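Have a look at the structure below before the remarks.
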Amino acid sequence: MNYEEKILELWEREGRHIARMNQEKPKYFITAAFPYPNSPQHIGHARTYTLADVMARYYRLLGYSVLFPMGFHVTGTPIVAMADRIKEGDKELFEIFEKIYGIPREQYTKLTDPKDLVLFFANEIETGMRRMGYMIDWSRKFYTFDPKFERFIHWQMKKLYDKGFLIRGKHPIPYSPRLNSSVGAHDTKGDIDPEIEEYTGILFESPYGYLVASTLRPETIYGITNIWIREDVEYIVLETDKKIIVSEEAWKRLKYQFSNYREIGRLKGKELIGKNVKVPLLGIEIPIIHGSIVKPEEGTGIVMSVPGHSVYDNFEYRKLKREYPIIISINGKPSDAGQRIPENGDLEMANKELYRDEFTNGYHIPLKMSVKEARERTKEDLYRIDRAIRIYKIANGPIYSRAGDEVVVKILDDQWFINYGDRSWKRLAQEHLNSMKIIPEEFRTRFKNTIEWLDRKACTRSRGLGTRFLYDQSQIVESLSDSTIYMAVYILVPYLNNYRVEQLDESFFDYIFYGIGKPIDSTHERMREEFLYWYGVDARHSGVDLITNHLTFYIFNHVALFPKEKLPKAIVTNGSVLMDGKKMSKSLGNIIPLKRAIEQYGADTVRMAVVANSDIKSDTNFSDTIAKGIKERIHGFIELFRRKGEGNVDIQNWIRTRFYSRLKEIKELYSNYEIKRVADSLFYEFYNDLQWAIRRGMNSIPDDVIRYWNIAMFPIIPFTTDMLHRELFGRSIYDETLEIPDVKTQPHPEDLFREMIQDLETLRNLREFRSVRIGIAKPWKFEVYRLLSERVKMQDIIKKYPEAKDLISKLKNRAYTIEFKYSHREIMDYLVKNRNWIESNMNISVEIGEEMERYALPDKPEFLIR
RNA sequence: GCAGGGGUAGCCAAGUCUGGUCAAAGGCGCCAGGCUUAAGACCUGGUCCCGUUGUGGGUUCGUGGGUUCAAAUCCCACCCCCUGCACCA
């Protein structure tokens with residue numbers, strides 16, 4: 001067993017991570033987005049949690065009562081889909097389990113029940129988090145499919161409903177007829193996330209009903225010449241309040257969007273040829289013509305022909321040798337698709353280019369406005385006169401479900417939404433955002449914009465794990481909607497065993513959260529107290545990717561449901577973890593499971609690597625070299641701290657000034673989440689100081705330095721520091737606080753001495769010499785330095801010391817900022833005292849005196865070598 | 001398209017808010033030396049260009065202008081790269 005495991009055992013035995021309400025102490029409630037247990041965690045997951053843990057430990061050191069809880073988010077379909085895939089024997093998935101995560105076959109093949117899957121991975125993740133040393137109070141763990149959690153979500157939905165934030169309406173979703181369910185990326189072949197694109201289906205009146213042509217560019221209707229159909233294709237007539245016509249092939253996909261239409265007849269394409277249709281908005285009549293470019297399965301199998309502004313249409317239309325109108329100009333020149341027919345026959349590329357040019361730079365001649373505006377206007381006009389229907393398409397299709405059929409768009413007629421588009425709600429959210437701490441601050445505008453852009457959000461689904469929706473028990477609350485205020489539940493979990501599920505009704509929660517009504521018993525009363533004590537999340541940690549959804553929903557729901565003093569105080573987001581500079585992905589196979597990383601490098605090393613290697617907002621890089629480097633250095637510190645023996649007192653004092661001047665900045669760095677800077681200062685730079693000090697004869701490191709170093713580094717590398725602390729001082733850092741002693745940190749002549757030796761060594765590398773005469777600058781130069789440090793006016797200095805003119809001009813800009821505290825006497829004495837060290841250490845003879853030439857500066861003695 | 005972030009030496013990356021101590025931290029790589037039987041690790045030094053190799057000079061921070069005694073840092077324009085856009089965790 002290594003020292004980390006031993007220390008971990010002590011922590012668990014001593015109950016170091018249990019959070020208790022303590023009215024004597026200020027509280028700090030820190031949460032990180034709970035994990036979704038559908039696979040073991042990798043080092044990428046560790047970043048957010050480690051950062052949260054570092055801060056939890058930091059606040060604990062400041063004397064706060066810290067609550068850092070964790071639960072598991074199991075809501076949604078990926079877990080169910082994964083269980084299904086295991087049941088189906090999905091080879092791709094098995095390979096990931098075995099090759100990347102090293103889970104034995106007999107273990108994962110058992111996980112065909114979603115609940116088993118959840119428990120297996122949740123357990124795996126929890127073990128990993130414990131092993132990472134996270135200060136999580138596991139007694140507050142819960143899963144989002146717990147019946148009591150469901151009651152809490154019922155309460156939330158009831159409140160949202162009462163405030164009018166729950167609404168109903170139509171909604172398109174990606175759908176697999178064979179699976180008979182909506183599909184997300186995890187339900188498709190190749191894990192492709194289906195994207196839905198909205199088209200305008202324009203209705204053209206014909207003798208048989210409305211021909212529907214779907215388009216992304218309704219504004220081009222002003223340049224229409226005809227309708228293309230295929231004479232050899234079968235068309236279907238459908239009816240509800242009106243009759244519409246689409247191709248049979250197209251209907252196979254479209255029928256899921258128009259469940260209220262029924263088929264009343266069929267037509268061969270031939271029968272339509274030669275007939276005229278009426279064009280809405282223009283009122284003109286145009287012919288229906290056979291067009292070989294029409295694909296019956298594409299769109300509706302009916303195309304409105306705009307030869308002026310579609311390369312395809314133009315290609316087909318020029319066979320007819322007729323004139324056609326141009327209705328869009330670019331930079332004053334007519335834009336004619338006819339000019340863009342490519343030599344190589346790549347119509348698609350040419351059409352895309354045309355589309356882009358006309359959309360970004362085009363001017364719509366008939367409507368006298370930009371193409372962008374014309375599109376919106378035309379759309380509105382068509383819908384207003386009821387000559388358009390919305391048609392949806394899978395934009396990145398065709399996509400196939402894991403059952404093998406093509407994913408289509410289905411329209412849900414009665415979908416529930418949370419209406420984040422509500423103006424007054426947005427205003428509340430914006431207002432609260434203004435008073436929140438956003439770390440890093442750069443992301444505040446992203447929140448601001450997200451609050452602004454968000455509209456209604458579908459909040460239920462028909463499938464998956466999770467809680468039933470209060471107003472339609474056949475539905476499950478969608479996963480981003482049931483995880484917006486769940487942090488409050490952590491506070492209740494330890495007490496919920498005292499109640500039956502049915503007891504957790506609206507009034508139960510009303511009392512705890514609002515103080516409305518009377519407590520049903522003393523435990524209930526206690527829950528209210530705990531809520532009052534803890535709530536108001538002090539810091540919520542998550543990855544940057546959640547800003548545009550979860551974290552913004554979190555703000556929205558809190559401002560809707562909780563009083564001002566219980567609202568979130570800070571949101572902390574961090575970038576992701578790259579592996580050797582590349583994004584970790586299953587396909588690249590470069591995922592490092594956390595478990596393996598800990599075995600290989602140790603938890604402290606992994607913690608350091610993910611949290612102290614780059615600035616919070618940027619992606620951080622993980623690599624074997626980086627991890628090994630950290631591991632070595634940790635061992636370096638351990639060895640240095642264990643050294644014993646008397647040593648050079650001067651140097652001990654020097655190391656103190658170096659250390660305490662670093663220590664003074666530490667609180668500010670932690671408070672600003674500048675973990676990398678803490679590490680740079682205490683872990684890297686200070687290590688160099690120690691190396692120098694040892695070389696200069698400091699045999700062991702002063703106890704006070706070790707003690708404070710342990711405490712200051714404890715948040716980042718708790719295992720190593722607590723191990724050392726217990727070993728060297730006989731107590732745990734959990735019993736310490738981070739009080740920075742008020743030690744004077746004046747500059748020490750050793751600083752100058754160190755630099756001088758470095759210069760001397762540089763010099764020796766360039767040229768062989770046996771003896772050196774070190775010349776210290778003349779006293780007046782020290783006086784000039786002193787005056788400069790006090791920011792005395794240059795003119796006055798020069799008046800007093802005319803020789804100073806050259807010196808100051810030599811210093812250039814540095815003259816304005818110089819900080820120099822040593823006296824001539826001090827430096828002289830210090831060098832004389834250390835003359836022997838230089839002689840024996842560098843194996844040269846040394847003479848010390850005043851400068852002889854004019855090179856010397858107070859902070860740079862001159863060397864005369866022989 | 002809309003929104004956000006970014007372009008710094010061979011590579012990665014700090015510095016930009018608060019202009020001067022910035023030829024620009026740190027790491028990697030590379031070179032030389034120490035240690036070692038040896039390799040790795042570790043330690044020391046070097047790593048923009050020039051200078052007969054000591055505190056000197058020149059030219060740099062995407063490109064082009066501007067403000068200033070002074071710009072990687074402030075202002076303007078341009079070029080390029082990355083991320084998100086929803087019902088999915």
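Chain identifiers are assigned alphabetically (A, B, ...) following the order of the sequence lines, protein sequences preceding nucleic acid strands; residue numbering begins at 1 within each chain. All of these numbers come straight from a predicted model, not from anything done at the bench. Values below: every heavy atom of this structure, side chains too, minus hydrogens, waters and symmetry copies.
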Just to be sure I understand the rule, does [X] reach a base, reach only the sugar-phosphate, or reach nothing, if contact means heavy atoms closer than 4.0 Å?
| X | answer |
| --- | --- |
| Ser623(A) | nothing |
| Leu480(A) | base |
| Arg444(A) | nothing |
| Thr77(A) | sugar-phosphate |
| Arg456(A) | base |
| Leu454(A) | base |
| Tyr687(A) | sugar-phosphate |
| His550(A) | nothing |

### Annotated protein contacts, base or backbone, on nucleotides 6-19 of chain B with a non-hydrogen cut-off under 4.0 Å, one of B, S, - each
S-------SS----

### Task
Give a yes or no answer on whether the side chain of Arg444(A) reaches the backbone of Leu433(A) with a donor-acceptor pair at less than 3.5 Å.
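Flag set: sc Arg444(A) to bb Leu433(A) pair under 3.5 Å.
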
Interatomic distance where [atom1] belongs to [X] and [atom2] belongs to [N] [whole Å]:
| X | N | atom1 | atom2 | answer |
| --- | --- | --- | --- | --- |
| Phe72(A) | A89(B) | CZ | C1' | 15 Å |
| Ile616(A) | G5(B) | CD1 | C1' | 15 Å |
| Ile196(A) | C88(B) | CD1 | P | 8 Å |
| Asn38(A) | C88(B) | CG | P | 16 Å |
| Glu197(A) | A86(B) | CD | P | 11 Å |
| Glu198(A) | A86(B) | CD | P | 13 Å |
| Ile451(A) | C2(B) | CD1 | C1' | 17 Å |
| Asp689(A) | A25(B) | CG | C1' | 14 Å |

Between [X] and [N], is there a contact of a side-chain N or O with OP1 or OP2 at under 4.0 Å?
| X | N | result |
| --- | --- | --- |
| Thr548(A) | C85(B) | no |
| Arg446(A) | C85(B) | no |
| Thr450(A) | A86(B) | no |
| Arg695(A) | C42(B) | no |

Applying the Watson-Crick and G-U wobble criteria at under 3.5 Å, what pairs with [N]? Answer none if nothing qualifies.
| N | result |
| --- | --- |
| U83(B) | A3(B) |
| A71(B) | none |
| A13(B) | none |
| U55(B) | none |
| C61(B) | none |
| U47(B) | G29(B) |
| C35(B) | none |

Nearest to side-chain heavy atoms of [X], which nucleotide of [options]:
| X | options | value |
| --- | --- | --- |
| Asp455(A) | A86(B), C87(B), G84(B) | A86(B) |
| Glu685(A) | A25(B), C88(B), G5(B) | A25(B) |
| Gln691(A) | G4(B), U44(B), C87(B) | U44(B) |

Same-atom distance ([atom1]) from [N] to [M], integer angstrom:
| N | M | atom1 | value |
| --- | --- | --- | --- |
| A72(B) | C61(B) | C1' | 5 Å |
| A71(B) | G62(B) | P | 15 Å |
| C75(B) | C17(B) | C1' | 15 Å |
| C31(B) | C81(B) | C1' | 33 Å |
| U60(B) | G10(B) | P | 15 Å |
| G66(B) | A86(B) | C1' | 43 Å |
| C30(B) | C11(B) | C1' | 11 Å |
| C69(B) | G64(B) | P | 23 Å |

Is there a donor-acceptor contact under 3.5 Å linking the side chains of [X] and [Y]?
| X | Y | result |
| --- | --- | --- |
| Gln156(A) | Thr484(A) | yes |
| His541(A) | Arg47(A) | no |
| Arg446(A) | Thr548(A) | no |
| Ser671(A) | Glu668(A) | no |

#### Entry: Residue Glu452(A) excluded, over 12 heavy atoms near CD under 6.0 Å
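Counting other residues, nucleotides and ligands, CD of Glu452(A) exceeds 12 neighbours.
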
### Task
Output all residues satisfying side chain to side chain contact (heavy atoms under 4.5 Å, CB included) with Ile399(A), sequence neighbours left out; order by chain, then residue number.
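Once residues adjacent in sequence are excluded, the partners of Ile399(A) under the side chain to side chain contact (heavy atoms under 4.5 Å, CB included) criterion are Thr188(A), Ile192(A), Pro194(A), Ile394(A), Asn396(A), Val407(A).
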
#### Entry: Rounded distance [0.5 Å steps], CZ in Phe556(A) versus OG1 in Thr552(A)
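That separation rounds to 7.5 Å.
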
### Query
Measuring from Ile418(A):CD1 to Asp455(A):CG, what's the distance to the nearest 0.5 Å?
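It is 12.5 Å, given to the nearest 0.5 Å.
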
#### Entry: Position toward the 5' end of RNA chain B (nearest nucleotide), Thr460(A) or Thr445(A)
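Nearer the 5' end of the strand: Thr445(A).
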
### Query
Any side-chain heavy atom of Leu166(A) within less than 4.5 Å of one from Phe417(A)?
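Side chain of Leu166(A) against side chain of Phe417(A), heavy atoms only: no contact under 4.5 Å found.
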
### Message
Out of the candidates Val572(A), Asn574(A), Ile571(A), only one should pair with Ile439(A) under the side-chain contact (heavy atoms from CB on, under 4.5 Å) rule; please name it.
### Response
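Checked Val572(A), Asn574(A), Ile571(A) against Ile439(A); only one passes side-chain contact (heavy atoms from CB on, under 4.5 Å): Val572(A).
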
